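A quick write-up on the structure given underneath.
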Amino acid sequence: MHFHFTEEQQAFADSVRRFAQRELADGALERAHSHDYPWDVASKLAAQGMLGITVKEEDGGIGGSLMDAVIAIQELALVCPKSADVVQAGNFGAIRTFAEYASPELKERFLPDLIAGKSLLALGMSEPGAGSDLQGVKTNAVKDGDHYILNGSKTFITNGQNADIVIVVAKTDPSKGAKGTSLLIVEEGMEGFQKGKNLKKVGMKAQDTSELFFQDVKVPAENLIGDEG
């Protein structure tokens, strides 16, 4: 099996490499050992169209392929690993879930700033004692009129310290096990939402990994991604 780029893919890889060497090489080591999110770098990457590569054009993205995003990440990582992490967060994981399943209203509210590098999204799934096992999720959200009341905690959340928006995995119907799990958007500044300590990891410190705590957080029902369950 051969893994050769097409001419277009090779041209894209070459352009990303030149950009990285020109704009990101200086300060790469310092960024790699900092827990701070490089908002200035995110702005540069957004201007080059490298955030939202995998997001559909009608949602404000590039409408590219997963391979396009992988190529960008690979080329950036050869020069500045932290910048590669920024592009990873802007194309995979939480943002792909959001872009695929969020309502048009939620997309209109949040995607423009995410793709512009002005905002950061995290996925709050892993919990103490449960890891990423949906059956073991203890964080719960109880419907109360036009809001959900959210209680629980998360740990080892990538970009948890720096994200201003978190997709929180919570049980809305514990009797259904994993099928009773739902996704809620929690925004920084909501009363009862607190960020815990930044957790130390082995190796490069390029991404923060944080604890998150929710105590009677009042989340608007329209912040539900998709349907319950």
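Treat the numbers as computed from the prediction; the structure is a model and nothing was measured. Keep in mind that the numbers below use all heavy atoms, side chains included, and drop hydrogens, waters and symmetry copies.
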Set of salt bridge (charged side-chain N to carboxylate O under 4.0 Å, His left out) partners for E23, sequence neighbours left out: K44
Check: [X] side chain, [Y] main-chain N or O, donor-acceptor pair, under 3.5 Å:
X	Y	result
N91	V87	yes
E108	D59	no
K82	S34	yes
N223	I185	yes
S182	G229	yes
D113	S119	no

All side chain to side chain donor-acceptor pair (under 3.5 Å) counterparts of N140, not counting sequence neighbours: none
Side-chain cluster (under 4.5 Å, hydrophobic types only) that F213 belongs to, other residues: none
Using the salt bridge (charged side-chain N to carboxylate O under 4.0 Å, His left out) rule, collect all pairs that involve [range], keeping only residues at least two apart or in two chains.
range	answer
residues 3-16	D14-R17
residues 177-190	R109-E187, E188-K195
residues 135-159	E127-K154
residues 114-125	none

Those residues that, when tested against D26, pass side-chain contact (heavy atoms from CB on, under 4.5 Å) (two or more places apart): none
T181: side-chain contact (heavy atoms from CB on, under 4.5 Å) partners, not counting sequence neighbours: L134, V169, K171
Chi angles and distances behind the side chain to side chain donor-acceptor pair (under 3.5 Å) call for S210, D208: CA-CA 6 Å; S210 179; D208 73 84; 5.1 Å; no
Spatial distance of atom [atom1] ([X]) from atom [atom2] ([Y]) [nearest 0.5 Å]:
X	Y	atom1	atom2	result
L183	M125	CG	CE	9.5 Å
I73	L76	CD1	CG	8.0 Å
L106	F98	CG	CZ	5.0 Å

Short side-chain donor-acceptor distance under 3.5 Å, D216 and N151: yes
S43-D40 side chain donor-acceptor pair, cut-off 3.5 Å: no
Scan [range] for pairs that pass ring-ring contact (aromatic ring centres under 6.0 Å, His included), counting only residues two or more places apart or in two chains.
range	answer
residues 60-90	none
residues 160-195	F193-F214
residues 61-81	none

Over 12 foreign heavy atoms within 6.0 Å of CD, Q9: yes
